[in-house]
Amino acid sequence: MKIGHCGYSFHTHGYDETRKEGFDSFLIRLQTEGHAEVTIDTETYPIDQGDIIIVPAHHLYRLTIQSGIPSGDFHLFGKGDWLNHWWKHLTQPFHVKISNIDQMTTLWRFLSIELRRPSAEQNQELIEHFFKSICLMIQQEMVAQTALNRPFVVTRMMRYIEEHALGHFTIQDVADDVELSVSRAVHLFKEHTNQTMIGYAQKIRLAAAINQMNYTNMTLEHIAENCGFGNYPYFHRVFKKAYGEAPGRYRRTK
């Protein structure tokens with residue numbers, strides 16, 4: 001796989017670019033802030049934060065940013081058999097919404113920094129892994145939004161909980177993150193996941209606790225605090241209800 005370019009752009013005075021013959025490779029563009037408008041062939045898409053545009057080679061492409069509207073984006077170009085295979089099995093979407101923009105921009109920054117190094121110091125295997133990770137995260141979002149028939153806002157709530165489950169968060173925090181009322185957020189989450197937000201967080205916390213019980217020597221009290229339960233008595237109660245035995249007994253028998 002060949003990666004031609006990876007970079008970041010920020011516009012404040014407007015921008016208009018048209019490629020009637022497209023590019024000679026794939027363009028993948030993530031809107032990180034602000035607003036833009038993209039046309040691919042005959043379809044035009046309003047683009048906001050968290051939107052990804054995928055443009056295969058030799059497709060008409062136009063990017064329009066209105067003057068006075070800030071717009072930031074990460075973008076990369078690539079070509080190769082792996083990328084062609086990925087696109088073929090992705091239902092070929094031009095427009096994909098990303099539920100966790102922080103994870104995606106972190107990968108993009110790693111890739112961009114690695115590509116800035118002198119060519120003799122670049123790790124091509126690492127570069128390829130970063131690129132593939134970005135593509136596979138896009139694929140994961142497509143599965144969540146299409147195959148599972150799950151509203152995008154519910155996926156965003158799940159990603160927020162996954163990111164904050166081992167710390168402290170409230171239902172209000174989740175609702176605020178997706179700009180919904182608490183009652184609406186709770187209803188949508190339960191309807192489309194068949195579980196509560198706290199129940200989903202508890203599953204994540206329990207999985208993390210079991211992992212730490214199996215692979216570390218931390219005390220159960222420390223694990224309870226480290227995995228978001230706050231204190232050991234509460235951890236003990238939740239664990240026993242889920243697995244039918246106390247954490248200490250579970251640890252001794254494994």
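Bear in mind that the values here come from a model prediction, so they are computed numbers and not experimental data.
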In terms of heavy-atom contacts, does [atom1] of [X] have more than 12 from other residues, nucleotides or ligands at under 6.0 Å?
X      : atom1 : value
Arg249 : CZ    : no
Gln92  : CD    : yes
Asn231 : CG    : yes
Glu125 : CD    : no
Gln66  : CD    : no
Asn217 : CG    : no

| query | Mind checking whether Trp86 and Phe26 have parallel, tilted or perpendicular rings, split at 30° and 60°? | reply |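 The rings of Trp86 and Phe26 stand perpendicular, inter-plane angle above 60°.
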| field | Parallel, tilted or perpendicular: rings of Tyr250 and Phe239 (30°, 60°) | value | perpendicular
Find out whether [X] and [Y] are in side-chain contact, i.e. whether some heavy atom of one side chain is under 4.5 Å from a heavy atom of the other.
X      : Y      : answer
Leu60  : Ile40  : no
His236 : Val238 : no
Leu166 : Asn226 : no
His164 : Asp173 : no
Ile53  : His95  : yes
Ile54  : Leu90  : yes

Atom [atom1] in [X], atom [atom2] in [Y]: separation rounded to 0.5 Å?
X      : Y      : atom1 : atom2 : answer
Thr32  : Trp108 : OG1   : CH2   : 10.0 Å
Met104 : Ile28  : CE    : CD1   : 9.0 Å
Thr44  : Asp41  : OG1   : CG    : 10.5 Å
Thr18  : Arg62  : OG1   : CZ    : 4.5 Å
Cys135 : Gln140 : SG    : CD    : 13.5 Å
Lys190 : Leu188 : NZ    : CG    : 13.5 Å

Looking only at non-hydrogen atoms, find the nearest pair between [X] and [Y] and report the distance.
X      : Y      : result
Phe152 : Ile98  : CZ-O, 3.4 Å
Gly72  : Phe10  : CA-CD1, 3.8 Å
Ile47  : His35  : O-ND1, 3.1 Å
Met1   : Lys132 : CE-CG, 3.9 Å
Lys79  : Ser25  : CE-CB, 3.7 Å
Phe94  : Pro56  : CE2-CD, 3.6 Å

Within one Ile-Leu-Val-Met-Phe-Trp-Tyr cluster: [X] and [Y], side-chain cutoff 4.5 Å:
X      : Y      : result
Met197 : Tyr234 : no
Met158 : Leu136 : no
Ile198 : Val186 : yes
Phe169 : Leu206 : no
Ile134 : Ile113 : no

| Asp73/Tyr8 under side-chain contact (heavy atoms from CB on, under 4.5 Å): CA gap, chis, key distance, verdict | CA-CA 6 Å; Asp73 68 270; Tyr8 175 79; 5.9 Å; no
Could you check whether [X] pairs with [Y] (Lys NZ or Arg NE/NH1/NH2 to Asp/Glu carboxylate O, under 4.0 Å)?
X      : Y      : value
Arg29  : Asp51  : no
Arg19  : Glu17  : yes
Arg117 : Glu121 : no

| Does a donor on one side chain sit under 3.5 Å from an acceptor on the other, for Glu114 and Asn123? | no
| message | Side chains of Gln31 and Glu33 only: does a donor on one sit below 3.5 Å from an acceptor on the other? | response |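 Short answer, no.
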| request: Applying salt bridge (Lys or Arg N to Asp or Glu O under 4.0 Å), run through Lys97 and Asp48 and close with a yes or a no. | output: CA-CA 9 Å; Lys97 280 188 171 293; Asp48 297 306; 5.3 Å; no
| Within the 6.0 Å centroid threshold, strictly below: Phe23 and Tyr61 | yes
| request: Begin with the C-alpha distance, continue with both residues' side-chain angles, and end with the deciding distance and a verdict on side-chain contact (heavy atoms from CB on, under 4.5 Å) for Tyr243 and Ile210. | output: CA-CA 11 Å; Tyr243 299 107; Ile210 286 176; 3.4 Å; yes
| message | Under the side chain to side chain donor-acceptor pair (under 3.5 Å) test against Ser99, which residue among Glu162, Arg156, Glu141 passes? | response | Glu141
| message | Show, in sequence, the C-alpha distance, side-chain angles and deciding distance for Thr170 and His168, and conclude whether the side-chain contact (heavy atoms from CB on, under 4.5 Å) test is met. | response | CA-CA 7 Å; Thr170 65; His168 175 74; 3.9 Å; yes
| task | Could you go through the side-chain contact (heavy atoms from CB on, under 4.5 Å) check for Thr193 and Tyr200 one step at a time? | result | CA-CA 9 Å; Thr193 67; Tyr200 187 58; over 6 Å; no
